[in-house]
Novice: 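Let me begin by handing over the structure; questions about it come next.
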Protein chains: 2
Amino acid sequence: MKQTEFFIGQLAKHTNCKVETIHYYEKTGIMPKPPRTEGGHRIYSLSDAKRLKFIRRSRELGFNIGQIKELLKFIDESGHYCGEVKTMAMQQTIEVQKKIDDLLRLKKALNEVICECKGGGYSIDDCPIIDALYVEKQ
Amino acid sequence: MKQTEFFIGQLAKHTNCKVETIHYYEKTGIMPKPPRTEGGHRIYSLSDAKRLKFIRRSRELGFNIGQIKELLKFIDESGHYCGEVKTMAMQQTIEVQKKIDDLLRLKKALNEVICECKGGGYSIDDCPIIDALYVEKQ
DNA sequence: GTTGAACCTATAGTAACTACAGGTTTTATA
DNA sequence: TATAAAACCTGTAGTTACTATAGGTTCAAC
């Protein structure tokens, strides 16, 4: 086996990823079905490692497998444009910002509870946490 | 049936939640086992609706069922001492802050990548977003 | 040639739902 | 009052993105 080829365990180690996760990625189709040894062991290349790192990083950034499939199409197929990618990334930041805003509100609410807390329990009709979260939405 | 009581379908509608999800919440114990009609239909009250809204909102904020159980203790268990409640609330804020930090990092990463991207009809081969995710990083 | 690590496939389990099947209750209308 | 449709019931299976386990095979070093 050449130095640029390796088995799944090595790939897993290099990408900080479990072997089973790579199997799973293969099943979903975002990782390719690689060539095998006579005995059936998967043989990976450096570009497989690169692809897997891309997948892991994208997952960290909150993209799901479906979205990563879309992103990988940009790489795998020609004829796509940068704007498509930017749009997806921007959509992602909007989602993230929404979550941050919500959490900041929750944190504020919890802090208020901490400050107001002088003993005894709150009833469901008079709980500052409940109130903080009980926001009607349209 | 009084105006302050309703069946699961109405509760679901009011809380923007599926009937099956309410069943599920009951199974996990974060929603109570409500009284039933002769025929076995669940009867809910306004405070159940309030509780469910709280749960839904907390879920939106990224709390899991276990954490929501903790939050609900503020409401359900009246026998807590002030210090105990305070500790729980403070622990919860730490969790919230962690989530905020994670999301801020994520947003920063996305932004860095977006800012470098010209977008539009540029070729994918030049897209800094793809590059940022795809290229080897130390 | 043997051993042990690493690999293989297949299945089941996880969280937090969601969907469906097959049956019962409620309720509005004829 | 009878009936029909909507809403409810329970229970099971499917979803996503993994993770864990079982039981068996291959690789590679000694």
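Since this is a predicted model, take the numbers as computed values, not measurements. Sequence lines set the chain letters: A, B, ... in the order given, protein chains first and strands last, and positions in each chain run from 1. Side chains included, hydrogens not; waters and symmetry mates left out as well; all remaining heavy atoms used.
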Novice: Send over the distance from B:Ile8 CD1 to C:dT25 P, rounded to a whole Å.
Specialist: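 My rounded result for the distance is 17 Å.
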Novice: Look at atom CE of A:Met90 and say whether more than 12 heavy atoms of other residues, nucleotides or ligands are closer to it than 6.0 Å.
Specialist: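 Not buried by this count: 12 neighbours or fewer within 6.0 Å.
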Novice: On DNA chain D, check which nucleotide each of B:Glu20 and B:Lys13 is closest to and give me the residue with the more 5' one.
Specialist: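 Here B:Lys13 is the residue nearer the 5' end.
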Novice: OP1 or OP2 of D:dC9 less than 4.0 angstrom from a side-chain nitrogen or oxygen of B:Arg42, does that happen here?
Specialist: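 For D:dC9, OP1/OP2 do have a side-chain N/O of B:Arg42 under 4.0 Å.
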Novice: Any side-chain heavy atom of A:Ser58 sitting closer than 4.5 Å to one from A:Ile68?
Specialist: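 Yes; the side chains approach each other to less than 4.5 Å.
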Novice: Between C:dA15 atom C1' and B:Asn64 atom CG, what is the distance in whole Å?
Specialist: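 Going from B:Asn64 (CG) to C:dA15 (C1'), I get 8 Å.
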Novice: Taking for each residue the nucleotide of DNA chain D bearing the nearest heavy atom, is the 5' side occupied by A:Lys27 or by A:Gly40?
Specialist: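 Final value for this comparison: A:Lys27.
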Novice: Within this structure, what is the CD1-to-C1' distance between A:Ile68 and D:dT16, rounded to whole angstrom?
Specialist: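 These atoms are roughly 12 Å apart.
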Novice: Please report the distance, rounded to the nearest Å, between CD in B:Glu5 and P in D:dC8.
Specialist: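 It works out to 15 Å between those atoms.
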Novice: Using whole Å, what does the distance between atom P of nucleotide D:dC27 and atom CD of A:Glu38 come to?
Specialist: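 Rounded to the whole Å, the gap is 8 Å.
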Novice: Side chains of A:Arg42 and A:Glu26: closer than 4.5 Å at any heavy-atom pair?
Specialist: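 Yes - at least one pair of side-chain heavy atoms lies under 4.5 Å apart.
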Novice: Pick the closest DNA chain C nucleotide for A:Arg36 and for B:Tyr24 by heavy atoms, then say which residue is nearer the 5' end.
Specialist: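 It is A:Arg36, whose closest nucleotide lies nearer the 5' terminus.
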Novice: Check whether any side-chain N or O of B:Thr37 sits under 4.0 Å from OP1 or OP2 of D:dC8, and answer yes or no.
Specialist: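 Checking B:Thr37 against D:dC8: no side-chain N or O falls below 4.0 Å of OP1 or OP2.
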Novice: Please report the distance, rounded to the nearest Å, between CD1 in B:Ile22 and C1' in C:dC17.
Specialist: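 Taking CD1 of B:Ile22 and C1' of C:dC17, I get 13 Å after rounding.
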Novice: With respect to the phosphate group of C:dA19, does any side-chain polar atom (N or O) of B:Lys18 fall under 4.0 Å of OP1 or OP2?
Specialist: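 Answer is yes, contact under 4.0 Å.
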Novice: Quick one: is C:dA16 close enough that its OP1 or OP2 comes under 4.0 Å of any side-chain N or O from B:Thr28?
Specialist: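 No.
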Novice: Is the phosphate of D:dC9 approached by B:His23 (side-chain N or O, under 4.0 Å from OP1 or OP2)?
Specialist: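 Answer is yes, contact under 4.0 Å.
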Novice: Is there a donor-acceptor contact under 3.5 Å from the side chain of B:Gln67 to the main chain of B:Asn64?
Specialist: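 Side chain of B:Gln67 to backbone of B:Asn64, a donor-acceptor pair under 3.5 Å: yes, one is there.
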